[in-house]
Amino acid sequence: MADLTGKIALVTGGGNGIGLASARALKAAGATVVTAGRNEKRAQDFRDNYDDVFDKVYVADAGSVPETNAFVEQVGKDYGRIDVIFANAGFGEPAPLGHITEENFDKQFNVNVKGVIFTVQAALPYLNEGASIVLNSSIANQLGFANFSVYAATKGAVKTLGKIMAAELVGKGIRVNVVSPGPIDTGFFGATGMDEKQQAEMGEYITNQVPMRRFGKAEEIGSYVAFLAGSGSTFMTGTEVEIDGGMATL
Ligand SMILES: NC(=O)c1ccc[n+]([C@@H]2O[C@H](COP(=O)([O-])OP(=O)(O)OC[C@H]3O[C@@H](n4cnc5c(N)ncnc54)[C@H](OP(=O)(O)O)[C@@H]3O)[C@@H](O)[C@H]2O)c1
C-alpha cells in the first residue's frame, strides 16, 4: 500500500462512489483528506457520515468557477500546501442527438471539464515537487455509447487535459495521470435521470459488453488512485489507465 503519511489530499466529489472509495484509500494510506459538498446540506451530510474519512469538508459546487477557486484556495491556506488532487466530481445526463439542449451541454461541461481545469489551476500556488494529480475520465471517451455524446466529449476533454497538464507541470516535478473507469457500481447511473427500468436495461446491456461480465467496484478505482498518488508510481506521468474489466481492450 502507498504511504501517504503527512500528505494533504484534495478530492472533488468525495461524498459518494468512486470519490468516496478513493478518499478512503488515500486516508488508509495516511493522507489528510479533504473534499467539498456541492452545498451546505451535502457538506453536512458528508461530515455526519464520513468523519472517519474527511479531515475537513468544504462547500463548493464543482460547476462554479468562483466556488471552486474559493474552495481550493481555502484548502491551500488551511494546510499550507496540496500534495494530491483527485479531480473526480462529474456526472452524465444522456440525451440523443436531436434532443441535446444548451443547458444539458453546459451543465456537463461545467462540472466535468471546467471543474477539473479550475480545480488544478487554483491549486498551482500550493503544489510542490512530488505532488500528484489524478483526473477522472471514463472509457466512454473511446467507446460509442449511444445517447452519451456530450458526456463522452467531456471525458475526452479530461483525457486530453491530463496530457497537456502533465507536459506543463513535468518541469516542476508534478505528475498528472488519468484514470478511465469502465462501468462502476455507484450512484452514477441513478444520477443520469434514467428511471429504474431504463437503468436495469442499461446495466444488463453494459454487463454483456464487459469481458469480466460485471460492474467494477468503486474500491477497484480507489486503490489505483492511491497508487498513482504515491511513491509506487513516481515514473508515471501523462498516462491514461483503463480500469474496466477489459471492456475497452479485449
Ligand atoms: N460509475 C461509473 O460507471 C463511472 C465510469 C467512468 C467514470 N466515472 C466518473 O467517475 C466520477 C465519479 O462518479 P461516480 O460513479 O462515483 O458517481 P456518484 O456516485 O454519483 O458520485 C459523484 C460525486 O460527484 C459529486 N458531484 C456531482 N456534481 C457535483 C457538483 N456540481 N458539485 C460538487 N459535487 C458534485 C456528487 O455529489 P452529490 O453526492 O451531491 O450528488 C457525488 O459525490 C465522475 O466523474 C464520473 O463521470 C464513473
Side-chain angles (χ1 to χ4, degrees), residues 1-2 11-26 28 86-97 99-100 104 108-109 111-113 116 134-163 176-229 232-233 236 238-250:
M1 184 197 278
V11 177
T12 68
N16 278 306
I18 294 169
L20 180 59
S22 302
R24 279 194 202 286
L26 294 165
F86 182 38
N88 160 77
F91 74 105
E93 196 176 85
L97 270 177
H99 295 270
I100 297 166
N104 168 281
Q108 292 179 83
F109 265 86
V111 176
N112 297 5
V113 181
V116 169
V134 184
L135 311 183
N136 199 354
S137 178
S138 164
I139 54 153
N141 72 30
Q142 54 182 295
L143 299 178
F145 280 129
N147 305 335
F148 278 87
S149 56
V150 175
Y151 174 73
T154 69
K155 293 304 185 176
V158 170
K159 173 182 172 170
T160 306
L161 280 171
K163 279 192 191 182
V176 185
N177 291 290
V178 174
V179 288
S180 285
I184 307 299
D185 189 9
T186 66
F188 178 86
F189 291 93
T192 56
M194 290 188 285
D195 63 31
E196 282 188 16
K197 185 166 171 280
Q198 289 170 318
Q199 284 180 55
E201 283 168 5
M202 172 148 236
E204 193 182 339
Y205 169 77
I206 290 175
T207 303
N208 285 327
Q209 310 293 312
V210 181
M212 288 190 181
R213 292 287 182 272
R214 67 173 176 88
F215 273 53
K217 300 182 191 121
E219 293 72 24
E220 291 174 306
I221 310 299
S223 57
Y224 208 86
V225 170
F227 169 72
L228 286 175
S233 60
M236 289 177 75
T239 57
E240 178 194 16
V241 181
E242 294 145 359
I243 309 171
D244 65 348
M247 190 175 187
T249 314
L250 305 185

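Keep in mind the model is a prediction, meaning the values are calculated, not measured.
Residues Val113 and Leu161 form a side-chain contact, since some pair of their non-hydrogen atoms from C-beta on lies under 4.5 Å apart.
Scanning both residues, Leu26 and Ala229, for their nearest heavy atoms gives CD2-CB, 3.8 Å. Heavy-atom minimum distance, Val150 versus Ile100: CG2-CG2, 3.8 Å. Contact detail for Gln142 and Glu240: the closest heavy-atom pair is NE2-OE2, 3.9 Å. Scanning both residues, Gly222 and Ala25, for their nearest heavy atoms gives O-CB, 3.5 Å. Between Gly19 and Phe86 the shortest heavy-atom distance is CA-CE2, 4.4 Å. The two residues Met236 and Leu228 come nearest to each other via the heavy atoms CE-CD2, 3.7 Å.
In this structure, the side chain of Asn136 does not engage the main chain of Ala87 through any donor-acceptor pair within 3.5 Å. Formation of a donor-acceptor pair under 3.5 Å by the Asn141 side chain with backbone atoms of Ser138 is found in this model. Remark: side-chain polar atoms of Ser137 are not paired, donor with acceptor, to backbone N or O of Ser180 under 3.5 angstrom. Looking at Asn104, its side chain never comes within 3.5 Å of a backbone N or O of Ala95 through a donor-acceptor pair. A donor-acceptor pair under 3.5 Å is formed between the side chain of Gln198 and the backbone N or O of Asp195. Formation of a donor-acceptor pair under 3.5 Å by the Thr12 side chain with backbone atoms of Asn88 is found in this model. Here the side chain of Glu242 pairs no donor or acceptor atom with the backbone of Ile139 at under 3.5 angstrom. When atom types are taken as modelled, the side chain of Thr249 and the backbone of Gly246 share no donor-acceptor pair closer than 3.5 angstrom.
For the atom pair NZ of Lys159 and NZ of Lys155, the computed distance is 13.5 Å after rounding to the nearest 0.5 Å. With rounding to the nearest 0.5 angstrom, the CE atom of Met202 is 10.5 Å from the OG1 atom of Thr207. Here the CD-CD1 distance, from Glu219 to Ile221, works out to 10.0 Å after rounding to the nearest 0.5 Å. Rounded to the nearest 0.5 angstrom, Ile184 CD1 and Arg214 CZ are separated by 8.5 Å. The structure places CG of Leu20 at 11.0 Å from OG1 of Thr186, a figure rounded to the nearest 0.5 Å. Going from atom CG of Asn112 over to atom CZ of Phe91 covers 6.0 Å, rounded to the nearest 0.5 Å.
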>> Between Val134 and Val179, does the side chain to side chain contact (heavy atoms under 4.5 Å, CB included) criterion hold? Intermediate values first, please.
In response: CA-CA 7 Å; Val134 184; Val179 288; 4.1 Å; yes

> What do the steps show when you test Phe145 against Gln209 for side chain to side chain contact (heavy atoms under 4.5 Å, CB included), and what is the final call?
Replying inline: CA-CA 11 Å; Phe145 280 129; Gln209 310 293 312; 5.6 Å; no

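If you look at Tyr151 and Phe188, their ring centroids are closer than 6.0 Å.
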